[in-house]
Amino acid sequence: MTLEHFMDDAISPWMREEGPSSDIVMSSRIRLARNIASIPYPIIAEEEKLAEVRHFIEKEYANKSFNSYHNFEFIPIKELTAIEQRVLVEKHLISPNLAKHTNESAVIISENEQVSIMVNEEDHLRIQLYFPGLQLRHALEKAFEIDDWLEEKVNYAFDEKKGYLTTCPTNVGTGMRASVMMHLPALALTGQINRMMPAINQLGLVVRGIYGEGSEALGNIFQISNQITLGKSEQDIVGDLESVVKQLIDHERNARELIMKESTTALEDRIFRSYGVLAYSRIIESKEASSCISNVRLGIDLGIIKDTSRNILNELMILIQPGFLQHYANKTLTPGDRDVLRASLIRERLKLEN
Amino acid sequence: MECQECHKRPATLHFTQVINGKKSEISVCDVCAKEKGYVTYPEEAYSLHNLLSGLFNFDTSKIENPALHKMKDLQCPQCKMTFSQFKQVGKFGCATCYETFSDKLDPILRRVHAGNTKHFGKIPKRTGNDIQMKRQLYQFKSQLQQLIEQEEFEEAAKVRDQIKELEANIRNKEAGDQA
Ligand SMILES: [Zn+2]
Ligand SMILES: [Zn+2]
């Protein structure tokens with residue numbers, strides 16, 4: 001059983017590699033929703049039908065390797081503790097929705113945590129691939145390979161006119177959601193991101209904060225993804241998304257340069273204060289921690305903070321989440337206890353850097 | 001000009017749709033524009049729940065219509081989901097639901113997917129061979145049309161040969177499938 005390694009490291013192995021535009025784009029993700037033609041969808045199917053799906057995937061794909069993805073680990077969700085489920089959600093290896101209907105749901109995850117396939121989520125199968133930096137086209141290519149690998153043994157629910165027949169009408173057609181996770185501190189600081197959102201929405205793309213609730217984007221981390229899945233090819237959808245992401249990268253770089261030029265001292269002050277808070281505080285809430293982590297990462301990107309790795313943003317953002325903290329403590333913690341442990345883990349992590 | 005959806009009322013709104021890179025024009029009346037989802041309201045567009053319930057609200061007027069009354073009782077033979085259940089949850093129960101509710105789907109899809117109702121993306125590699133060939137045929141045919149319009153007859157002849165070959169392949173395959 002290798003479940004431990006999914007749980008113990010906040011950072012997935014693939015995150016250690018740097019991808020294109022890694023200073024701004026944290027990761028690219030492709031998700032494909034697929035269903036089995038002859039079986040009712042999870043929202044309505046009887047348990048034994050869903051058990052069939054689960055057993056089939058376990059029998060055919062558990063411990064298999066495919067291309068550069070090795071030893072797919074099959075994990076039935078009901079065998080995980082509530083805290084373990086939460087850790088997988090925080091690492092984005094499963095969706096919160098999968099953890100909700102636990103009985104027949106499962107996930108298979110490749111050793112490097114780059115590929116995860118959720119079983120009996122809203123759809124029978126949800127294939128998900130992550131790549132570091134901006135690599136949407138490459139991710140799509142690899143996602144199609146995994147898709148074909150599954151299709152060798154599964155008859156997909158597919159219709160010539162409507163495409164892949166998903167549970168929700170918002171996914172029908174390609175069944176694809178492509179998304180990019182971006183760190184946009186300068187656009188957030190200058191308020192530009194809010195002004196850009198309506199224009200981005202008009203292009204059929206959605207921008208939202210990935211941590212935090214509502215319009216709040218903790219850690220200035222935003223997710224941009226396609227809204228439309230029907231009427232356009234996957235390549236076109238990905239192309240449109242990529243061109244908007246590239247524009248956002250340019251705007252973010254310009255905004256960073258401008259702040260650097262116009263208010264160097266104020267920016268340095270902000271970054272070093274944040275570093276101080278992370279390095280010395282004894283109690284810290286996730287909101288404050290996220291904002292400090294974002295400032296420190298900006299400091300690293302701008303060369304103001306040296307000898308600290310960029311990965312700190314990815315890693316600390318996961319490390320400070322409630323599930324991960326409780327897994328680390330190996331018990332349930334009150335919010336107050338979590339704030340203390342959070343401060344101590346962040347201090348430890350920063351010490352490792354120097 | 002009459003509305004291209006209901007063919008009853010005069011068309012008052014004209015839309016240009018770009019589907020798979022091809023432009024097409026459609027003219028509809030304002031009633032159909034709303035009901036069939038040609039117009040979307042920005043504030044609704046990104047809240048799925050509102051979107052779906054808003055969408056189905058348009059349908060309530062139709063249920064009064066006795067000719068359409070039996071639509072309410074549509075039930076999927078495979079998973080037993082009824083159309084009213086589908087309206088409530090906004091999700092399909094199985095692949096067959098798409099067929100069962102097909103008459104009511106395009107307006108919904110059009111509103112969710114910015115005017116689109118037809119898939120142009122990936123086709124399953126193992127099972128989708130026939131569809132792949134048919135799609136290729138369709139592409140050749142529109143290419144042929146274009147070449148003829150541009151009076152490039154030499155090129156057109158080549159494409160016509162490709163069409164013949166592909167059609168023969170499709171016929172052979174169909175014969176094979178039946179045997
Ligand atoms: Zn009309
Ligand atoms: Zn059904």
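What's counted below: heavy atoms across the whole structure, side chains too, no hydrogens, waters or symmetry copies. Protein chains get the first letters and strands the later ones, always in sequence-line order, with residue 1 at the start of each.
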Notebook entry, point to check: In this structure, are over 12 heavy atoms from other groups packed under 6.0 Å from A/Glu242 atom CD?
Noted result: yes

Checklist line | Point-to-point distance, once rounded to the nearest 0.5 Å, from OH of B/Tyr98 to CG of A/Leu165 | finding: 5.5 Å

Checklist line | Closest non-hydrogen atom pair between A/Ile228 and B/Val112, with its separation | finding: CG1-O, 4.3 Å

Item checked: Closest heavy-atom pair and its distance - A/Thr170, B/His113 -> O-CE1, 3.3 Å

Check: For atom CD of B/Gln145, is the number of surrounding heavy atoms from other residues, nucleotides or ligands below 6.0 Å larger than 12?
Finding: no

Notebook entry, point to check: For B/Glu165, does the CD atom have more than 12 heavy-atom neighbours from other residues, nucleotides or ligands under 6.0 Å away?
Noted result: no

Item checked: Atom pair CG/NZ of B/Asn116 and A/Lys232 - distance to nearest 0.5 Å -> 8.5 Å

Checklist line | Exercise: identify the closest heavy-atom pair between A/Ala37 and B/Ala95 | finding: O-CB, 4.0 Å

Note to self: Within the 4.5 Å heavy-atom criterion, are B/Thr117 and A/Lys162 side-chain neighbours or not?
What the structure shows: yes

Margin query: Cation-pi check for A/Tyr164 against B/Lys122: NZ or CZ below 6.0 Å from the six-membered ring centre and within 45 degrees of the axis, yes or no?
Written below: no

Next item on the list: For A/Glu152 and B/Arg126, indicate whether the former's side chain and the latter's backbone hold a donor-acceptor pair under 3.5 Å.
Entry: no

Check: When rounded to the nearest 0.5 angstrom, what is the spacing between SG in B/Cys79 and CD in A/Glu46?
Finding: 11.0 Å

Next item on the list: Identify which part of B/Lys134 has an atom lying under 4.5 Å from any heavy atom of chain A, answering side chain, backbone, both or neither.
Entry: side chain

Check: Relative to chain B, which segment of A/Ile44 carries a heavy atom at a distance below 4.5 Å: side chain, backbone, both, or neither?
Finding: side chain

Item checked: Approximate separation, where rounding is to 0.5 Å, of B/Phe120 CZ and A/Asp236 CG -> 10.5 Å

Check: Under a 4.5 Å heavy-atom cut-off, does chain B meet the side chain of A/Asp148, its backbone, both or neither?
Finding: both

Checklist line | Over 12 foreign heavy atoms within 6.0 Å of NZ, A/Lys153 | finding: yes

Margin query: I'd like to know which of A/Gly175, A/Gly173, A/Pro198 tops the heavy-atom pair count under 4.5 Å against chain B.
Written below: A/Gly173

Next item on the list: Check whether any side-chain heavy atom of A/Phe158 sits under 4.5 Å from a side-chain heavy atom of B/Ile131, and report yes or no.
Entry: yes

Notebook entry, point to check: Taking atom CG of B/Leu109 and atom NZ of A/Lys161, what is their separation to the nearest 0.5 Å?
Noted result: 13.0 Å

Check: Does B/Gln150 CD have over 12 foreign heavy atoms under 6.0 Å away?
Finding: yes

Check: Should the pair A/Asp159-B/Lys118 be classified as a salt bridge under the 4.0 Å nitrogen-to-oxygen rule?
Finding: no

Next item on the list: Let me know if A/Leu230 has heavy atoms under 4.5 Å from chain B in its side chain, its backbone, both or neither.
Entry: both

Notebook entry, point to check: Any salt bridge between B/Lys91 and A/Glu122, counting N to O under 4.0 Å?
Noted result: yes

Item checked: Distance (rounded to the nearest 0.5 Å) between A/Tyr41 OH and B/Gln78 CD -> 10.0 Å

Notebook entry, point to check: Given a strict heavy-atom distance threshold of 4.5 Å, which part of A/Thr166 is in contact with chain B: side chain, backbone, both, or neither?
Noted result: both

